[in-house]
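Down below is the structure, laid out as structure tokens.
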Amino acid sequence: MYPIDSLTNWASGKGVWSDIPDSEWKDWRWQMRNRLQKKSDFEKFITLTDDEILGFTAAEDKLSVAVTPYFFNLLDHNNPNCPLRKQIIPSGKESLESPEEMLDPVGEESSMVAPGVVHRYPDRVLFLVTDRCAAYCRYCTRSRLVSNAQGYGFHPQIDQSIDYIASNETIRDVLISGGDPLMLSDEKLFSILSRLSEIPHVEFVRFGSRIPVFLPQRITNSLIKALKSHSNVWISIHVNHPNECTTELREACHKLASSGIPLGNQSVLLRGINDSVSTMKQLIHRLLIMKVKPYYLYQCDLVKGSSHLRVDPSVGIDIIKGLRGHTTGYAIPQFVIDAPNGGGKIPINPDYLSDVNNEFFTLKNFEGKKFQYPRVSN
Ligand SMILES: *Cc1c(COP(=O)(O)O)cnc(C)c1O
Ligand code: SF4
């Protein structure tokens with residue numbers, strides 16, 4: 001059925017928790033109750049490196065450490081360079097801060113119009129509903145508030161935020177994020193979506209969530225029912241590496257897709273994790289198999305203590321160059337830099353336009369060959 005990337009290569013199962021009954025393993029509450037958070041939780045299963053041990057101290061006042069048993073199983077327990085391990089186990093390098101780094105790297109605070117509502121673009125808002133996640137990504141853009149390790153004290157004001165959206169008729173698109181919005185109970189999600197569906201100008205609602213990746217067990221029938229309380233909900237998931245694509249994630253995505261929820265993916269370009277054409281190609285092919293459209297590839301934001309995970313933007317451009325034309329157009333994400341200080345997302349592309357004069361657009365194709373398209377005069 002899937003000739004290119006045989007499904008037998010996809011990870012699955014209970015790993016080091018093989019003695020736990022399926023009924024518990026598949027219960028997202030069990031996964032949440034049994035998250036690994038303390039250094040000693042991890043040391044039961046793996047030998048932490050000196051750098052990782054320092055990382056646990058650095059993390060205390062930066063961003064909490066947590067991971068579900070499900071996702072922990074996907075880490076290479078014997079290899080500190082594992083691309084998944086580096087996303088969730090802290091490094092001592094998180095305590096290094098370079099001068100260009102910021103607490104609020106994309107300038108959200110200055111566009112906050114109500115507690116948790118960032119209104120930067122003309123027709124859409126970012127609506128933050130929680131500061132909690134199922135697991136914490138070490139490079140998180142919003143680590144100033146996420147997990148509250150820095151004492152931000154985020155208290156979403158849902159009523160006030162929805163009032164703001166209701167009273168601004170230009171807002172047709174609401175992006176619900178956090179933290180991870182799917183951490184909220186089904187009841188709470190139902191209530192938020194029902195209220196949004198009463199606002200006639202809100203025609204498009206999407207969630208930004210990494211829950212399907214960290215906790216696919218959370219994608220229950222009752223969650224889907226709650227999500228359907230608005231007639232046009234989309235979800236952007238967040239997968240960075242092909243090893244995060246498991247049988248469980250695929251089933252969760254298929255379940256969402258077949259209930260009528262379109263899916264996109266946002267990846268963050270990360271050093272030693274997904275900074276090569278071959279890794280990205282495998283990732284985006286797996287995303288298509290999961291019925292997920294690769295949406296954005298983000299240059300890693302200048303968040304404090306993230307320099308060890310960032311690469312130069314030219315790496316991202318080269319990756320797109322290595323994909324465009326070489327594989328399915330649907331599979332190619334847009335590479336963007338969310339500009340420091342509130343500039344918003346700016347697309348950057350390989351140079352396919354080699355020259356423009358009064359007569360021709362001179363174009364370069366994926367093989368570097370040049371072609372001319374004549375100007376059209378009116
Ligand atoms: C990313 C973002 C959006 C959504 O942008 P799209 O390009 O439509 O995905 C909206 N508001 C803010 C503040 C954002 O950061
Ligand atoms: S899931 Fe999203 S909000 Fe939560 S830590 Fe990861 S990047 Fe940040």
Side-chain angles (χ1 to χ4, degrees), residues 35 59 62-68 71 84 86-90 94 104-114 116-150 152 154 161 165 168 170-183 203-215 218 234-240 244 262 264-270 273 293-301 303 306 309 333-347:
R35 287 192 302 175
K62 191 207 166 208
L63 177 70
S64 300
V65 178
V67 61
T68 54
F71 196 83
L84 275 54
K86 285 194 284 197
Q87 292 181 52
I88 55 111
I89 298 189
E94 288 182 20
D104 178 16
V106 300
E108 292 178 335
E109 295 291 336
S110 59
S111 302
M112 231 179 245
V113 289
V117 179
V118 182
H119 195 175
R120 169 178 303 145
Y121 298 105
D123 67 342
R124 54 207 190 280
V125 290
L126 171 65
F127 180 12
L128 308 179
V129 296
T130 176
D131 61 359
R132 298 302 138 123
C133 304
Y136 294 107
C137 316
R138 304 320 305 165
Y139 52 84
C140 178
T141 290
R142 240 165 255 138
S143 52
R144 71 183 185 285
L145 66 86
V146 166
S147 86
N148 206 34
Q150 301 187 18
Y152 182 101
F154 179 67
S161 301
I165 294 166
N168 282 273
T170 55
I171 301 170
R172 42 164 289 288
D173 167 0
V174 177
L175 162 48
I176 306 177
S177 184
D180 200 313
L182 298 188
M183 289 289 279
E203 61 190 28
F204 179 72
V205 176
R206 55 182 151 157
F207 285 89
S209 173
R210 216 178 176 191
I211 287 262
V213 178
F214 287 143
L215 186 64
R218 176 75 186 89
W234 296 42
I235 298 180
S236 294
I237 65 170
H238 173 175
V239 189
N240 290 324
E244 293 162 49
N265 182 64
Q266 318 194 83
S267 296
V268 179
L269 180 59
L270 295 164
I273 292 175
K293 161 80 182 94
Y295 179 42
Y296 281 145
L297 171 63
Y298 288 100
Q299 172 65 19
C300 185
D301 294 326
V303 66
S306 65
L309 294 173
Q334 174 65 57
F335 182 45
V336 292
I337 297 186
D338 205 338
N341 304 310
K345 297 178 185 74
I346 301 175

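The chain is numbered in sequence order, starting from 1. As the structure lists them, so they are numbered: ligands from 1, and atoms in each ligand from 1.
- The nearest protein atom to atom 8 (Fe) of ligand 2, hydrogens excluded, is given as Cys140 SG, 2.3 Å; this is a heavy-atom distance.
- Atoms of ligand 1 found under 4.0 Å from any heavy atom of Val118, numbered from 1 in the order shown, are 13 (C).
- Heavy atoms only, all atoms of each residue included: Pro347 and Val336 are closest at CA-CG1, 3.8 Å.
- Near Tyr296, the atoms of ligand 1 lying under 4.0 angstrom from a non-hydrogen atom of the residue are 6 (P), 7 (O), 9 (O).
- Of the protein's non-hydrogen atoms, the one nearest atom 7 (S) of ligand 2 is Cys137 SG, 3.7 Å.
- Looking at Gln266 and Tyr298, their side chains do bring a donor and an acceptor atom within 3.5 Å of each other.
- Of the listed residues (Val118, Ile176, Asp173, Val174), just one forms a side-chain contact (heavy atoms from CB on, under 4.5 Å) with Leu126, and that residue is Val118.
- Distances from atom 2 (Fe) of ligand 2 to the protein include no heavy-atom value under 4.0 Å.
- Residue contacts with ligand 1 for Val106 are absent, since no atom lies close enough (heavy atoms, distance under 4.0 Å).
- Closest protein heavy atom to atom 9 (O) of ligand 1: Tyr295 OH, 2.6 Å.
- Within the 4.0 Å heavy-atom cutoff, Arg206 counts among the residues contacting ligand 1.
- In the model, Asp301 has a side-chain atom that pairs as donor or acceptor with a side-chain atom of Thr141 under 3.5 Å.
- The heavy-atom pair separating Asp338 from Gly344 by the smallest distance is OD1-C, 3.2 Å.
- For ligand 2 and Arg210, the ligand atoms under 4.0 Å from any heavy atom of the residue are 1 (S).
- Short contacts between ligand 2 and Cys133, defined as distances under 4.0 Å to a heavy atom of the residue, involve ligand atoms 1 (S), 3 (S), 4 (Fe), 5 (S).
- With 3.5 Å as the limit, one finds a donor-acceptor pair spanning the side chains of Tyr139 and Asn240.
- Where the criterion is an N or O separation shorter than 3.5 Å, residue side chain and backbone included, Arg124 meets it with respect to ligand 1.
- Counting the atoms of ligand 1 from 1 in the order shown, those under 4.0 Å from a heavy atom of Leu126 are 11 (N), 12 (C), 13 (C).
- Backbone and side-chain nitrogen or oxygen atoms of Asp338 are examined, and none is located within less than 3.5 angstrom of a nitrogen or oxygen of ligand 1.
- In this structure a side-chain-to-backbone donor-acceptor pair under 3.5 Å is missing from Arg120 to Gly343.
- Side chains of Arg142 and Ser177: a donor on one and an acceptor on the other come within 3.5 Å.
- Contact annotation: His238 places no N, O or S atom under 2.8 Å from atom 6 (Fe) of ligand 2.
- If you look at Lys345 next to ligand 1, the close heavy atoms, those under 4.0 Å, all belong to the side chain.
- A salt bridge links Asp104 with Arg144; the closest basic N to acidic carboxylate O contact falls under 4.0 Å.
- Scanning the protein heavy atoms around atom 10 (C) of ligand 1, the nearest turns out to be Tyr121 CD1, 3.5 Å.
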Inset, instruction - For side chain to side chain contact (heavy atoms under 4.5 Å, CB included), just list the numbers for His119 and Ile171, CA-CA rounded to whole Å, side-chain angles, deciding distance to a tenth of an Å, and then say yes or no. - result: CA-CA 9 Å; His119 195 175; Ile171 301 170; 3.9 Å; yes
